[in-house]
Amino acid sequence: MGDFFSRVYRLVSMIPKGKVVSYGQIARMLGSPHGARTVGWALHGLPDGTYVPWQRVINSQGRISTSCLQHDANLQRQLLEAEGVVFDEGDRVNWAVYGWEGLAWAELDALWHAD
DNA sequence: ACAATGACATAAG
DNA sequence: GCTTATGCCATTG
């Protein structure tokens, strides 16, 4: 696993309960404005036993993006609702209410440094 | 090094 | 609002 994945995992782990972030947002914080796909890739291959609130990461439309809908999509929504996140009639999340601000550059830098 | 892949993003029809 | 097409990035065979 490369450093990129590790950063994704750490950053996702920092997402507060009841908040959500888009893949693009994470990619931006990692320094790769267009690396959203890679972020999703990282979460897809999430090792078992590693506790990461992956359910708090959704697409820019505020919807569940998971391709493997078989188990995850339903579970993801279930987990988010359990945290207090509400989906509107279009199965979307209100960014203004549940969107995570993210971390400041200083916080991020400290996060990478603390290995 | 090249080609293919994937839980994205955005623009266009 | 939904479907297609194109761009982007890191990982893997």
Side-chain angles (χ1 to χ4, degrees):
Chain A
M1 302 298 232
D3 296 333
F4 195 87
F5 280 26
S6 298
R7 292 183 205 173
V8 172
Y9 299 149
R10 286 193 207 172
L11 187 52
V12 172
S13 298
M14 302 300 283
I15 305 174
K17 180 182 178 183
K19 292 290 183 179
V20 294
V21 196
S22 71
Y23 298 91
Q25 228 175 317
I26 292 180
R28 233 173 34 188
M29 285 189 268
L30 293 178
S32 300
H34 295 285
R37 297 194 80 169
T38 310
V39 174
W41 183 270
L43 294 179
H44 174 33
L46 201 60
D48 296 336
T50 303
Y51 185 67
V52 177
W54 53 271
Q55 70 271 22
R56 294 171 193 157
V57 185
I58 56 184
N59 64 19
S60 64
Q61 297 180 4
R63 311 178 94 183
I64 309 290
S65 273
T66 54
S67 284
C68 18
L69 304 166
Q70 300 184 356
H71 337 82
D72 298 341
N74 200 355
L75 174 61
Q76 182 167 7
R77 174 164 179 164
Q78 186 179 340
L79 289 172
L80 288 176
E81 290 181 330
E83 296 182 352
V85 177
V86 178
F87 289 76
D88 63 17
E89 295 181 0
D91 296 322
R92 296 189 305 178
V93 176
N94 186 333
W95 284 112
V97 179
Y98 305 102
W100 183 41
E101 306 291 343
L103 295 176
W105 294 105
E107 303 283 356
L108 290 172
D109 189 53
L111 190 60
W112 310 147
H113 193 276
D115 197 327

- With a non-hydrogen cut-off below 4.0 angstrom, is A/R7 in contact with a base, only sugar-phosphate, or nothing?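 Nothing: the residue A/R7, judged by heavy atoms under 4.0 Å, touches no strand.
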Nucleotide [N], atom [atom2] - distance to [atom1] of [X] in whole Å:
X     : N     : atom1 : atom2 : value
A/R63 : C/dC2 : CZ    : P     : 5 Å
A/I64 : B/dG6 : CD1   : P     : 20 Å
A/L43 : B/dA7 : CG    : P     : 11 Å
A/Y9  : B/dA7 : OH    : P     : 13 Å
A/L30 : B/dA9 : CG    : P     : 13 Å

- Message: Can you confirm whether A/Q55 sits close enough to A/L75 that some side-chain heavy atom of one is under 4.5 Å from a side-chain heavy atom of the other?
- Response: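 In short, these two side chains do not touch, never coming nearer than 4.5 Å.
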- Ignoring backbone atoms, test whether A/S60 places a side-chain nitrogen or oxygen under 4.0 Å from the OP1 or OP2 oxygen of B/dC8.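 So the side-chain polar atoms of A/S60 never come under 4.0 Å of the phosphate oxygens OP1 or OP2 of B/dC8.
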- Query: Within less than 4.0 Å of OP1 or OP2 of C/dC9, is there a side-chain N or O belonging to A/R28?
  - Reply: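 Checking C/dC9 against A/R28, no side-chain N or O comes under 4.0 Å of OP1 or OP2.
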Taking distance alone, no hydrogens or angles, what donor-acceptor pairs closer than 3.5 Å link side-chain atoms of residues 32-43 of chain A to residues at least two apart or in another chain?
none

- Task: Before giving the answer on side chain to side chain contact (heavy atoms under 4.5 Å, CB included), spell out for A/R7 and A/L11 the whole-Å C-alpha distance, their side-chain angles and the decisive distance to 0.1 Å.
- Result: CA-CA 6 Å; A/R7 292 183 205 173; A/L11 187 52; 6.0 Å; no
Output the distance between atom [atom1] ([X]) and atom [atom2] ([Y]), rounded to the nearest 0.5 Å.
X     : Y     : atom1 : atom2 : value
A/Y51 : A/Y9  : OH    : OH    : 16.0 Å
A/F5  : A/R10 : CZ    : CZ    : 14.5 Å
A/I58 : A/L80 : CD1   : CG    : 7.0 Å

Taking only nitrogen or oxygen atoms into account, show me every contact under 3.5 Å that the protein makes with nucleotides 10-13 of chain C, one pair per line with its distance.
{"from": "C/dA10", "atom 1": "O4'", "to": "A/T38", "atom 2": "OG1", "distance (Å)": "3.3"}
{"from": "C/dT11", "atom 1": "OP1", "to": "A/G2", "atom 2": "N", "distance (Å)": "3.4"}

Could you go through nucleotides 4-7 of chain C and list every protein N or O atom that sits under 3.5 Å from one of its N or O atoms, giving the distance for each pair?
{"from": "C/dG7", "atom 1": "O6", "to": "A/R37", "atom 2": "NH1", "distance (Å)": "3.2"}

- Query: Which residues within residues 13-23 of chain A lie with some heavy atom under 4.0 Å of an atom in DNA chain C?
  - Reply: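 Contacting residues: none.
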- Query: Starting at the 5' end of DNA chain B, which residue's closest nucleotide do you reach first, A/Q61 or A/G45?
  - Reply: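 Looking at the nearest nucleotide for each, A/G45 comes out on the 5' side.
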- Message: According to side chain to side chain contact (heavy atoms under 4.5 Å, CB included), who are the partners of A/R92, at least two apart in sequence or on a separate chain?
- Response: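 Scan of A/R92 (side chain to side chain contact (heavy atoms under 4.5 Å, CB included), adjacent residues dropped) gives A/R63, A/D88.
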Sequence neighbours excluded and cut-off under 3.5 Å, please list the side-chain donor-acceptor pairs for residues 93-100 of chain A, or say none.
{"from": "A/N94", "atom 1": "OD1", "to": "A/A96", "atom 2": "N", "distance (Å)": "2.8"}
{"from": "A/W95", "atom 1": "NE1", "to": "A/S60", "atom 2": "O", "distance (Å)": "3.2"}

- Determine yes or no for a side-chain-to-main-chain donor-acceptor pair under 3.5 angstrom, with A/E107 supplying the side chain and A/G102 the backbone.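 Absent.
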- Message: Enumerate the salt bridge (Lys or Arg N to Asp or Glu O under 4.0 Å) contacts for residues 78-87 of chain A, please, sequence neighbours excluded, ordered by first and then second residue.
- Response: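 For residues 78-87 of chain A: A/R56-A/E83, A/R77-A/E81.
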- Task: From the options A/V8, A/D3, A/L108, select the one residue that forms a side chain to side chain contact (heavy atoms under 4.5 Å, CB included) with A/L30.
- Result: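 Among the candidates, only A/V8 passes.
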